[in-house]
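Written below as structure tokens is the structure these notes are about.
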Amino acid sequence: MTLRVAMLGYGFIAGLHTEAARAAGVEVVGVAGHRAGRAEEFAARHGIGWAGDDWQALVARPDVDAVVIGTPNSLHHPQAMWALAQGKHVLVDKPMALTVAEGREMAAAADAAGRVLAVGHMWRHRSEVVALRDRIAAGGLGRVVRTHGWGVHAGWGPSGWFTDPELAGGGALIDMGIHALDTARFLLGDPRPVRVQASIGHGEFADHGLDDDGLVLVDWDDGTRSLVEFGWWQPRLGGLEADTEVLGTAGHARIWDTVAPPDDYVHCSVPMYAAQMADFADACATGRTPVGSAEVGLTALAIVEAAYAAAALAPRSRP
């Protein structure tokens, strides 16, 4: 049976989710956002039958089985809670919420409703990432000692709601760094974080006051350490988004070998979103836990929350 979804949001990420749904055999029956005109333009562009600004009416429709949430971060929690209360499955883009407390409410609501709650940590579905994860699990690098990952935009940074702290919940860490953190955890077999340290700069490369440069260090319960660099408007890339180098007692490896891919290379591509959508659809059909589970989303958000808290305790004076 074809999964029928409502798309909330009409921006870049909603476009990727919509293309992924088509590739995965999932039907998008409607799209909603706070500007009806933009929703209608999005629907016309993607061949979606209904568009408007009443997202609650769309979600409540009997022909909607699930909801895909690709709206500003501050809307993730209220929209997911409403959808779950209507008995719909939910795929919410990362971060799953603005706070861990909100994320836990969402997870509890999904459990109570017997619905699937998946979080969009799509790098877990990228073939190169899965290949390195499998190599590590098979002992190909020996005992892993540490990882080094990147979540950086070079020569570019977002605008709009991404730079509004009330809508986004933070800057480059919650936008980019969270991907690199979750990718490192996935590669290692999903250990638990036991200590989080961070050094974070605000407004270093642009006049917005949000975090746009920083380092996060995570100690995992298996003894491994992960360092993640994140930022917007950086002068150079240390690695592609979510790229991670792994150092073990028997060798080292990296997800991608180059930081200067060919001009026609697409890094944030539809296939991994399609794999994520297919996994979500199968979880909805079978009741199994999706790869990007609520626990995955909660752990990534908890690390981000702990990093912001740790950095806030450090002095911010400059020489």
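Between Leu210 and Asp164 the shortest heavy-atom distance is CD1-N, 4.3 Å. Minimum interatomic distance between Ala307 and Ile200 (heavy atoms only, all atoms of both residues): O-CD1, 3.9 Å. Pairing each heavy atom of Ala283 with each of Val116, the nearest pair is O-CG2, 3.5 Å. The nearest pair of heavy atoms linking Ile48 to Val29 is CG2-C, 3.9 Å. Contact between Ala302 and Val100 at its shortest, heavy atoms only, is CA-CG2, 3.5 Å. Nearest heavy atom pair, residue Ala80 against residue Ile69, reads N-CD1, 3.5 Å.
Electrostatic pairing of Arg104 and Glu305 does not count as a salt bridge here, judged by no charged N lying under 4.0 Å from a carboxylate O. Between Asp282 and Arg288 a salt bridge is recorded (basic side-chain N to carboxylate O distance below 4.0 Å). Using a 4.0 Å cut-off between charged nitrogen and carboxylate oxygen, Asp63 and Arg4 do not count as a salt-bridge pair. Between Asp190 and Arg124, at least one side-chain N (NZ, or NE/NH1/NH2) sits under 4.0 Å from a carboxylate O, which counts as a salt bridge.
By the neighbour-count criterion of 12 heavy atoms within 6.0 Å, atom NE2 of His252 is sparsely surrounded, having that number or fewer from other residues, nucleotides or ligands. Atom CZ of Arg45 is surrounded by more than 12 heavy atoms from other residues, nucleotides or ligands within 6.0 Å.
For the residue pair Trp232/Asp213, the side-chain donor-acceptor check at 3.5 Å is not satisfied. Side-chain atoms of His153 and Gln234 form no donor-acceptor pair, as typed in the model, at a separation below 3.5 Å. Using modelled atom types, one finds no donor on one side chain facing an acceptor on the other under 3.5 Å when comparing Glu166 with Ser74. Side-chain contact of Thr147 with Ser226: a donor-acceptor pair under 3.5 Å is present, judged by distance alone. Side-chain contact check for Thr299 and Arg192: at least one donor-acceptor pair (N or O, by modelled atom type) lies under 3.5 Å.
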Does the pair Phe186 and Val130 meet the rule for a side chain to side chain contact (heavy atoms under 4.5 Å, CB included), with working shown? CA-CA 9 Å; Phe186 177 67; Val130 174; 4.2 Å; yes
Given the rule in the side chain to side chain contact (heavy atoms under 4.5 Å, CB included) test, do Leu247 and Val144 qualify, once you have shown the distances and angles that lead to the verdict? CA-CA 6 Å; Leu247 289 84; Val144 176; over 6 Å; no
How far apart are the C-alpha atoms of Asp212 and His202, what are their side-chain angles, what is the distance that settles it, and do they pass the side chain to side chain contact (heavy atoms under 4.5 Å, CB included) test? CA-CA 6 Å; Asp212 59 359; His202 294 73; 5.8 Å; no
Start with the C-alpha gap between Leu181 and Ile303, add the side-chain angles, then the distance that decides, and say whether side chain to side chain contact (heavy atoms under 4.5 Å, CB included) holds. CA-CA 8 Å; Leu181 288 162; Ile303 295 171; 3.8 Å; yes
Passes salt bridge (Lys or Arg N to Asp or Glu O under 4.0 Å), Arg236 versus Glu229? Steps please. CA-CA 12 Å; Arg236 62 178 290 275; Glu229 301 180 26; over 6 Å; no
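Of the inter-residue distances, the one linking Gln276 atom CD with Met122 atom CE reads 7.5 Å to the nearest 0.5 angstrom. Taken from NE2 in His76 to CG in Asp93, the straight-line distance is 5.5 Å, to the nearest 0.5 Å. The CZ atom of Arg22 lies 14.5 Å from the NE2 atom of His17; values are rounded to the nearest 0.5 Å. In this structure, CG on Asn73 lies 8.0 Å from CG on Asp175, to the nearest 0.5 angstrom. Atoms NE2 and CZ, from His179 and Phe230 in turn, are 14.0 Å apart once rounded to the nearest 0.5 Å. If you take NZ on Lys94 and NE2 on His121, they are separated by 8.0 Å, rounding to the nearest 0.5 Å.
Remark: of the listed residues His148, Arg146, Glu245, His148 is the sole one forming a side chain to side chain contact (heavy atoms under 4.5 Å, CB included) with Leu227.
Checked against a 6.0 Å centroid threshold, the rings of His34 and Trp55 do not count as neighbours. Close placement of the His267 and Trp123 rings is indicated, their centers lying within 6.0 Å of each other.
Under the 4.5 Å side-chain heavy-atom criterion for grouping Ile, Leu, Val, Met, Phe, Trp and Tyr, Val228 is connected to Leu173 within one hydrophobic cluster. Linking ILVMFWY side-chain heavy atoms closer than 4.5 Å, directly or via other members, places Val152 and Leu215 in two distinct hydrophobic clusters.
Judged purely by atom type and a 3.5 angstrom limit, Asp221 has no side-chain atom pairing as donor or acceptor with the backbone of Val194. Distance alone, capped at 3.5 Å, places no donor-acceptor pair between the Asp53 side chain and the Gly33 backbone. Under a 3.5 Å cut-off, the side chain of Arg133 and the backbone N or O of Gly189 do not form any donor-acceptor pair. No donor-acceptor pair closer than 3.5 Å links the side chain of Tyr273 to the backbone N or O of Ile13.
Under a cutoff of 6.0 Å and an axis angle of 45°, Arg254 and Trp150 form a cation-pi pair.
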